[in-house]
A.B. asks: 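This structure is in structure tokens; I'll ask about it shortly.
In this text, all values refer to a predicted model and were calculated from it rather than measured experimentally.
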Amino acid sequence: MEEITWNDFEKVELRVGTILEVFDFPEAKKPAYKVKVDFGVFGIKISSAQITKNYTKEELVGKQIVAVINFPKKQIGKFMSEFLVTGFEDENGDIVLASVENNVPNGRKLV
């Protein structure tokens, strides 16, 4: 594992946002949803997430997640992803979202 400096960590904009809408993403190579997330003063952004094994679209709406919002936009097929959803692999290799225990204002930075 490569060590990083505190300055390196401070460059990563890990922010909390609330999922507003979830859409099917049938064009994705691996099963995924498109998610629209409110990041407060940073705006509403859209991305994709390979989280279909552990979450239904309905249970995701209103959930707060942790995401990296300062990567460049990334082309995924015909879709442009605006942030990186974060999570952890479970024992089956399926993604469990990184989220907060209690609600916090959208856009707050992980410290």
Side-chain angles (χ1 to χ4, degrees):
M1 172 175 48
E2 180 182 350
E3 287 188 356
I4 64 172
T5 67
W6 183 254
N7 287 339
D8 291 333
F9 175 70
E10 286 183 320
K11 291 177 188 176
V12 181
E13 291 290 330
L14 282 159
R15 302 279 178 167
V16 68
T18 301
I19 298 175
L20 301 175
E21 294 181 78
V22 182
F23 309 95
D24 290 324
F25 189 12
E27 305 86 20
K29 290 180 183 177
K30 295 181 181 179
Y33 295 132
K34 291 179 186 177
V35 292
K36 185 186 286 187
V37 177
D38 181 355
F39 289 103
V41 298
F42 299 98
I44 294 172
K45 300 179 182 292
I46 193 162
S47 188
S48 65
Q50 296 173 1
I51 55 175
T52 59
K53 296 285 185 181
N54 285 321
Y55 303 94
T56 66
K57 292 185 292 185
E58 295 76 21
E59 70 184 300
L60 288 168
V61 174
K63 185 172 186 65
Q64 285 198 300
I65 61 168
V66 178
V68 178
I69 66 168
N70 65 327
F71 280 133
K73 292 180 181 178
K74 182 176 181 178
Q75 187 80 39
I76 302 173
K78 296 179 181 179
F79 174 71
M80 188 64 74
S81 176
E82 298 178 309
F83 65 93
L84 175 69
V85 176
T86 63
F88 301 91
E89 288 186 342
D90 65 14
E91 63 278 352
N92 299 314
D94 300 317
I95 302 301
V96 175
L97 290 169
S99 60
V100 294
E101 186 175 335
N102 297 318
N103 283 350
V104 296
N106 289 332
R108 289 289 166 94
K109 187 172 183 177
L110 179 75
V111 294

A.B. asks: To the nearest 0.5 Å, what is the distance between CD on Glu3 and CG on Asp8?
C.D. replies: 11.0 Å
A.B. asks: What residues, two or more places apart in sequence or in another chain, satisfy side chain to side chain contact (heavy atoms under 4.5 Å, CB included) together with Asn7?
C.D. replies: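 Thr5, Glu10.
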A.B. asks: Donor-acceptor pairs under 3.5 Å, side chain of residues 22-31 to any protein atom, not counting sequence neighbours: which ones?
C.D. replies:
residue: Asp24; atom: OD1; partner: Lys57; partner atom: NZ; Å: 3.3
residue: Asp24; atom: OD2; partner: Lys57; partner atom: NZ; Å: 3.2

A.B. asks: Output side-chain donor-acceptor pairs under 3.5 Å for residues 67-88, partner residues at least two apart or in another chain, one line each.
C.D. replies:
residue: Asn70; atom: OD1; partner: Glu13; partner atom: N; Å: 3.0
residue: Asn70; atom: ND2; partner: Lys11; partner atom: O; Å: 2.6
residue: Gln75; atom: NE2; partner: Gly77; partner atom: O; Å: 2.7
residue: Ser81; atom: OG; partner: Ser47; partner atom: OG; Å: 2.7
residue: Ser81; atom: OG; partner: Phe83; partner atom: O; Å: 3.1
residue: Glu82; atom: OE1; partner: Ile46; partner atom: N; Å: 2.8
residue: Thr86; atom: OG1; partner: Val66; partner atom: O; Å: 2.5

A.B. asks: Could I get the full list of side chain to side chain contact (heavy atoms under 4.5 Å, CB included) partners for Ile44, not counting sequence neighbours?
C.D. replies: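 So Ile44 forms a side chain to side chain contact (heavy atoms under 4.5 Å, CB included) with Leu20, Lys36, Asp38.
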A.B. asks: Ile51: what forms a side chain to side chain contact (heavy atoms under 4.5 Å, CB included) with it, not counting sequence neighbours?
C.D. replies: Tyr33, Ala49, Tyr55, Leu60, Ile95, Leu97
A.B. asks: Applying salt bridge (Lys or Arg N to Asp or Glu O under 4.0 Å) as the test, list every pair that has at least one member in residues 58-72; sequence neighbours left out.
C.D. replies: none
A.B. asks: Are Val104 and Ile65 grouped together when hydrophobic residues (ILVMFWY) are joined by side-chain heavy atoms under 4.5 angstrom apart?
C.D. replies: no
A.B. asks: In chain order, what residues pass the side chain to side chain contact (heavy atoms under 4.5 Å, CB included) check against Asp94, with sequence neighbours excluded?
C.D. replies: Lys53, Asn54, Asp90, Asn92
A.B. asks: Test: ring pair (Phe, Tyr, Trp, His ring centres under 6.0 Å). Region: residues 92-111. Which pairs qualify, not counting sequence neighbours?
C.D. replies: none
A.B. asks: Applying ring pair (Phe, Tyr, Trp, His ring centres under 6.0 Å) as the test, list every pair that has at least one member in residues 90-111; sequence neighbours left out.
C.D. replies: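 Pairs touching residues 90-111 that pass the test: none.
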A.B. asks: Could you tell me which residues satisfy side-chain hydrogen bond (donor to acceptor under 3.5 Å, both in side chains) with Gln64, sequence neighbours excluded, listed by chain and number?
C.D. replies: Thr18, Asn106
A.B. asks: May I ask whether Phe39 and Leu14 are part of the same hydrophobic cluster, defined by side-chain heavy atoms of I, L, V, M, F, W, Y residues being less than 4.5 angstrom apart, directly or through others?
C.D. replies: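 No; Leu14 is not reachable from Phe39 via cluster members.
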A.B. asks: Count I, L, V, M, F, W, Y as connected when their side-chain heavy atoms are under 4.5 Å apart, and connections chain through other members. Are Val41 and Val12 then in the same cluster?
C.D. replies: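 The answer is no; the residues belong to distinct hydrophobic clusters.
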A.B. asks: Tell me, which pairs form a ring pair (Phe, Tyr, Trp, His ring centres under 6.0 Å) where one or both residues lie in residues 92-111, sequence neighbours left out?
C.D. replies: none
